[in-house]
Amino acid sequence: MSTVTFGIVPGYGEKLHEAFGYSGAVRVGDRVETSGQAGVDDDLVIPDSLEDEIIQAFDNVERTLATVGATWKDVIHVNSYHKVAPGDDAIGDDVNAVMAEQFRRRLGGRAPIWTETGVTVLGLAAMRVEIRVTAIVGSGN
């Protein structure tokens, strides 16, 4: 039987756990799943810049993975959710450029699968991005 371990990030993760009762990550054996990670700081403040928000979301994925012994290099699947205006027909090239740059910076050449979805609302009114991942610990070695 596999061991199940839940991870809660100090700071923003603890606040969200207290408010809503969920964990940021779960590890079952070597498989890790994260909840969607927002681009918030430890006080749940969202940067004004969309680029900074995306980078903060990537940082928060990293922090969340670490709570259960994983890293970006273990990631095999990424789901990203991007706020778009009703009627928009695509997620902007500016968003895609930042996402691609962060993948290259953090994944060391690994290319996980990626599903990118445009949505009209996210968990907090000011949020514009949320990222969740699946990882297999040790697979990035």
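We use all heavy atoms of the structure for the numbers below, so side chains are in, but hydrogens, waters and symmetry mates are not.
Of the N and O atoms on the side chains of Arg110 and Ser139, at least one donor lies less than 3.5 Å from an acceptor on the other residue. Donor-acceptor pairing under 3.5 Å is recorded for the side chains of Thr134 and Glu33. With hydrogens and angles left out, the side-chain atoms of Asp52 and Gln56 include no donor and acceptor closer than 3.5 Å.
Ring-plane geometry between Trp114 and Phe103 is classed as perpendicular, the angle between the planes exceeding 60 degrees on a 0 to 90 degree scale with a lower cut at 30.
Taking CZ of Arg31 as the start and CD1 of Ile136 as the end, the distance is 5.0 Å to the nearest 0.5 Å. One finds the CD1 atom of Ile91 at 6.5 Å from the OG1 atom of Thr117 (value rounded to the nearest 0.5 Å). Summarising the geometry, atom CE belonging to Met99 is positioned 3.5 Å from atom OG belonging to Ser80; distances are rounded to the nearest 0.5 Å. How far CD of Gln102 is from CG of Asp59: 7.0 Å, rounded to the nearest 0.5 Å.
A salt bridge links Asp43 with Lys15; the closest basic N to acidic carboxylate O contact falls under 4.0 Å. A salt bridge is absent between Lys83 and Asp88; no separation between the charged side-chain nitrogens and carboxylate oxygens falls under 4.0 Å.
Side-chain N or O atoms of Arg106 include none that pairs as donor or acceptor with a backbone N or O of Lys73 at under 3.5 Å. Between the side chain of Asn60 and the main chain of Gly39, no donor-acceptor pair closer than 3.5 Å is present. At distances below 3.5 Å, not a single donor-acceptor pair connects side-chain atoms of Thr115 with backbone N or O atoms of Asn79. When atom types are taken as modelled, the side chain of Trp72 and the backbone of Gly108 share no donor-acceptor pair closer than 3.5 angstrom. One N or O on the side chain of Gln37 and one on the backbone of Ser35 form a donor-acceptor pair closer than 3.5 Å. Within the 3.5 Å criterion, the main-chain N or O of Gly29 finds a donor-acceptor partner in the side chain of Arg27. The main-chain N or O of Ala25 is never found under 3.5 Å from a side-chain atom of Ser23 such that the two would form a donor-acceptor pair.
Summarising the geometry of Val28 relative to Ser2, their closest heavy-atom pair is CG1-CB, 3.7 Å, with the distance given to 0.1 Å. Of all heavy-atom pairs spanning Thr5 and Val68, the tightest one is O-CG1, 3.9 Å. Across every non-hydrogen atom of Ala70 and Val137, the tightest pair is CB-CG2, 3.9 Å. Smallest separation of non-hydrogen atoms from Asp74 and Gly140: OD1-N, 3.6 Å. The heavy-atom pair separating Pro112 from Val75 by the smallest distance is CB-O, 3.6 Å.
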- Query: Step by step, would you call Val98 with Glu53 a side-chain contact (heavy atoms from CB on, under 4.5 Å)?
  - Reply: CA-CA 10 Å; Val98 176; Glu53 183 180 350; over 6 Å; no
- Item | Derivation of the side-chain contact (heavy atoms from CB on, under 4.5 Å) call for Val78 and Ile113 | CA-CA 6 Å; Val78 177; Ile113 61 173; over 6 Å; no
- Task: For the pair Ile54 and Val129, evaluate side-chain contact (heavy atoms from CB on, under 4.5 Å) and give the outcome as yes or no after the intermediate values.
- Result: CA-CA 6 Å; Ile54 293 169; Val129 65; 4.1 Å; yes
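Here Leu16 sits in one hydrophobic cluster together with Val9, Tyr12, Phe20, Tyr22, Val40, Leu44, Ile46, Tyr81, Val119, Leu122, Leu124, Met127; the rule is ILVMFWY side chains under 4.5 Å apart, joined directly or through other members.
The shortest side-chain heavy-atom distance between Arg128 and His82 does not fall under the 4.5 Å cut-off.
Linking ILVMFWY residues whenever their side-chain heavy atoms come closer than 4.5 Å, directly or via other members, leaves Val26 and Val133 in distinct clusters.
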